[in-house]
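Written below as structure tokens is the structure these notes are about.
Fair warning: this is a prediction, and the values are worked out from it, not measured in the lab. Proteins get letters first, then strands, A, B, ... in listed order; numbering begins at 1 in each.
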Amino acid sequence: MSDKFDYATREENYSKWYNDLVVKADLAENSAVRGCMVIKPYGYAIWEKMQQTLDTMFKDTGHVNAYFPLFIPKSFFSKEAAHVEGFAKECAVVTHYRLRNAEGGGIEVDPDAKLEEELIVRPTSETIIWNTYRGWVQSYRDLPILVNQWCNVVRWEMRTRLFLRTAEFLWQEGHTAHATSQEAVFEAEQMLDVYADFAENFLAIPVLKGIKTANERFAGALETYCIEAMMQDGKALQAGTSHFLGQNFAKAFDVKFTGKDGKQDYVWATSWGVSTRLMGALIMTHSDDKGLVLPPKLAPFQVVIVPIYKTDEEADRISEFAKRLTAEFKQAGISVKFDNRDTHKPGFKFAEHEYRGVPVRIAVGPRDLDNGTVEVARRDTLTKEVVAQGELVSTIKGLLEEIQSNLYNRALKHREDNTCKVDTWDEFTAKLEEGGFIYAHWDGTPETEQKIKELTKATIRCIPIGNAKEDGKCILTGNPSTQRVVFARAY
RNA sequence: CGGGGUGUAGCGCAGCCCGGUUAACGCGCCUGCUUUGGGAGCAGGAGAUCGCAGGUUCGAAUCCUGCCACCCCGACCA
């Protein structure tokens with residue numbers, strides 16, 4: 001964000017630019033609670049669009065929504081060893097259930113109101129859900145369970161950033177139960193495809209589908225699938241994950257079913273989620289120094305009409321025209337806002353809608369009314385043109401589609417321009433400084449991966465699905481490798 | 001939890017080293033008039049227990065002690 005206002009440009013300081021933008025575009029702000037954000041109405045409206053779209057996609061693939069408790073008994077957590085180890089360090093814990101008046105004013109925790117068993121504020125819900133599923137499943141006839149939950153979770157992060165990493169965040173978590181391993185794997189892969197489809201076709205964010213290495217795998221999963229996106233600064237952002245959990249949670253919570261053959265077996269599981277972090281991905285994929293840039297499919301309103309007038313009479317004429325236009329747009333499935341506030345001048349509104357990322361702006365003044373035209377400005381290219389009123393609806397409809405695909409193509413080109421292959425350690429470390437995705441050989445061991453991370457802060461983002469096999473030598477150890485994996489520094 | 005830093009109006013900050021009685025400035029806010037095709041101009045106005053608690057002093061935003069909060073850098077992470 002630049003201009004006469006004191007906001008950082010991407011070039012100057014990418015991370016400051018991000019923070020400034022989130023606040024300036026009215027998406028969210030830091031709250032009185034450390035690490036927790038307030039999502040403001042405009043930001044929440046974008047999140048709601050994401051929710052609506054995803055929710056429909058989940059339902060189209062056979063899922064239903066449910067809701068499980070915020071609190072999880074501590075004992076549940078210890079039942080799956082890898083899981084507890086993964087999350088233990090960042091859990092908020094409820095220990096008491098009552099306050100009392102303190103001597104000398106104020107209130108304090110009542111020491112007599114200590115809970116018999118502490119409650120964990122959910123960092124994710126596998127445990128409480130699998131404990132519940134035990135009661136839901138007896139027979140193969142009870143399977144599959146295809147449940148999703150929209151909720152908040154808490155992970156006590158040391159360092160937080162609006163949307164990217166907050167102590168509390170909103171997300172959805174799907175938790176499914178299946179009779180066979182194959183079915184569960186299919187489910188995990190299917191949901192990865194749903195996420196990729198959503199990212200690319202709605203958020204206009206190109207993503208790499210892949211699987212995580214053992215080091216990066218979800219605590220308690222046998223396989224973690226992910227979609228990885230590249231931000232403008234070349235860093236990777238994990239945009240969604242889908243896990244094949246095997247029978248780990250079924251065994252931990254004793255969830256068994258009787259099959260057609262009369263034999264008992266443990267249930268197979270998946271879980272998958274995306275969070276408000278997608279807001280961060282959206283920002284860091286498309287936005288520019290003038291503020292937020294929204295893909296039309298995500299914009300709370302796709303078109304804003306700004307009237308320009310001097311007299312009340314002019315205002316009335318424009319208002320009448322704008323109302324007619326609004327109705328036509330709605331008919332055509334275009335969402336529109338008529339910004340008729342008389343407390344702000346046109347120039348102010350232009351700037352405001354710009355940094356809030358409204359895809360298309362229409363300005364109408366007396367001159368336009370006389371000429372039968374309007375001025376149409378698009379946010380992605382910052383270009384303007386005069387359009388005849390008669391062809392406006394079709395023009396805008398086409399323009400919105402063009403903006404949507406332009407944003408995607410622009411982001412895809414950026415990713416391609418910043419993706420490379422390297423074969424030596426020196427090349428690798430040099431390329432890392434430039435940012436981007438690096439395809440390189442790795443000997444397949446967690447130790448090497450860990451070592452590379454310590455040396456360079458780069459992690460293996462994923463092993464792309466359908467990755468080509470290729471013999472080579474590990475960039476660090478020189479040991480044989482059968483394929484290249486994707487390295488990057490990540491958020 | 002280790003290292004560094006900062007707390008003064010809604011926001012951003014000056015003043016502090018060298019104590020002195022109306023705590024400065026910019027943005028924002030309110031009122032009025034003129035304005036309105038890219039963040040308006042002028043005039044007037046409101047708004048601050050100087051993070052908290054002690055101490056030194058005739059006098060503390062300023063010096064001393066303790067506490068609290070937040071930010072940045074690391075380890076952790078969607």
Using atom [atom1] of each nucleotide, how far apart are [N] and [M] to the nearest Å?
{"N": "B:C30", "M": "B:G15", "atom1": "C1'", "result": "28 Å"}
{"N": "B:A9", "M": "B:G5", "atom1": "C1'", "result": "23 Å"}
{"N": "B:G47", "M": "B:C11", "atom1": "C1'", "result": "13 Å"}
{"N": "B:G51", "M": "B:A23", "atom1": "P", "result": "15 Å"}
{"N": "B:G74", "M": "B:C67", "atom1": "C1'", "result": "26 Å"}
{"N": "B:C50", "M": "B:U22", "atom1": "P", "result": "14 Å"}
{"N": "B:C18", "M": "B:U62", "atom1": "C1'", "result": "10 Å"}
{"N": "B:U21", "M": "B:C29", "atom1": "C1'", "result": "30 Å"}

I want to verify a distance call: between [options], whose nearest atom is closest to the [X] side chain?
{"X": "A:Glu375", "options": "B:C76, B:G74, B:G37", "value": "B:G37"}
{"X": "A:Lys310", "options": "B:G39, B:U36, B:C76", "value": "B:U36"}
{"X": "A:Lys457", "options": "B:G74, B:G39, B:G37", "value": "B:G74"}
{"X": "A:Arg361", "options": "B:G38, B:G37, B:G39", "value": "B:G38"}
{"X": "A:Glu157", "options": "B:G39, B:C76, B:G37", "value": "B:C76"}

In the strands shown, is [N] matched to any nucleotide by a Watson-Crick or G-U wobble pair with both distances under 3.5 Å, and which?
{"N": "B:C1", "answer": "B:G74"}
{"N": "B:U22", "answer": "none"}
{"N": "B:C13", "answer": "none"}
{"N": "B:C29", "answer": "B:G45"}
{"N": "B:G7", "answer": "B:C68"}
{"N": "B:A40", "answer": "B:U34"}

Length of the [atom1]-[atom2] vector between [X] and [N], whole Å:
{"X": "A:His344", "N": "B:G28", "atom1": "NE2", "atom2": "C1'", "value": "12 Å"}
{"X": "A:Lys89", "N": "B:A75", "atom1": "NZ", "atom2": "C1'", "value": "10 Å"}
{"X": "A:Lys345", "N": "B:A40", "atom1": "NZ", "atom2": "P", "value": "5 Å"}
{"X": "A:Glu29", "N": "B:C70", "atom1": "CD", "atom2": "C1'", "value": "16 Å"}
{"X": "A:Tyr491", "N": "B:C76", "atom1": "OH", "atom2": "C1'", "value": "18 Å"}
{"X": "A:Lys453", "N": "B:G74", "atom1": "NZ", "atom2": "P", "value": "13 Å"}
{"X": "A:Ile308", "N": "B:U35", "atom1": "CD1", "atom2": "C1'", "value": "14 Å"}
{"X": "A:Asp342", "N": "B:A40", "atom1": "CG", "atom2": "C1'", "value": "16 Å"}

| message | Between A:Arg122 (side chain only) and A:Asn152 (backbone N and O only), is there a donor and an acceptor less than 3.5 Å apart? | response | yes
| request: Ignoring hydrogens and angles, tell me if any N or O in the side chain of A:Arg489 forms a donor-acceptor pair with the backbone of A:Ala236 under 3.5 Å. | output: no
What's [X] touching, base or sugar-phosphate or nothing? Going by heavy atoms closer than 4.0 Å.
{"X": "A:Leu237", "value": "nothing"}
{"X": "A:Thr373", "value": "nothing"}
{"X": "A:Phe218", "value": "nothing"}

| remark: Taking for A:Phe163 and for A:Phe350 the nucleotide of RNA chain B with the nearest heavy atom, the one nearer the 5' end belongs to A:Phe350
| remark: Between A:Leu382 and A:Gln450, whichever has its closest RNA chain B nucleotide further toward 5' is A:Leu382
| query | Does the ring of A:Tyr42 carry A:Lys40 above it, NZ/CZ under 6.0 angstrom from centre and within 45° of its axis? | reply | no
Could you tell me how the ring of [X] sits relative to the ring of [Y]: parallel (under 30°), tilted (30 to 60°) or perpendicular (over 60°)?
{"X": "A:Phe169", "Y": "A:Trp171", "result": "perpendicular"}
{"X": "A:Phe249", "Y": "A:His83", "result": "perpendicular"}
{"X": "A:Phe76", "Y": "A:Phe253", "result": "perpendicular"}

| message | Evaluate A:Thr166 against A:Thr160 for side-chain hydrogen bond (donor to acceptor under 3.5 Å, both in side chains), listing each step before the verdict. | response | CA-CA 5 Å; A:Thr166 46; A:Thr160 60; over 6 Å; no
Any N/O donor-acceptor pair, [X] side-chain to [N] base, under 3.5 Å:
{"X": "A:Lys290", "N": "B:G38", "value": "no"}
{"X": "A:Glu354", "N": "B:G39", "value": "no"}
{"X": "A:Tyr309", "N": "B:G37", "value": "no"}

| request: Check whether the side chains of A:Ser271 and A:His175 place a donor and an acceptor atom closer than 3.5 Å, and report yes or no. | output: no
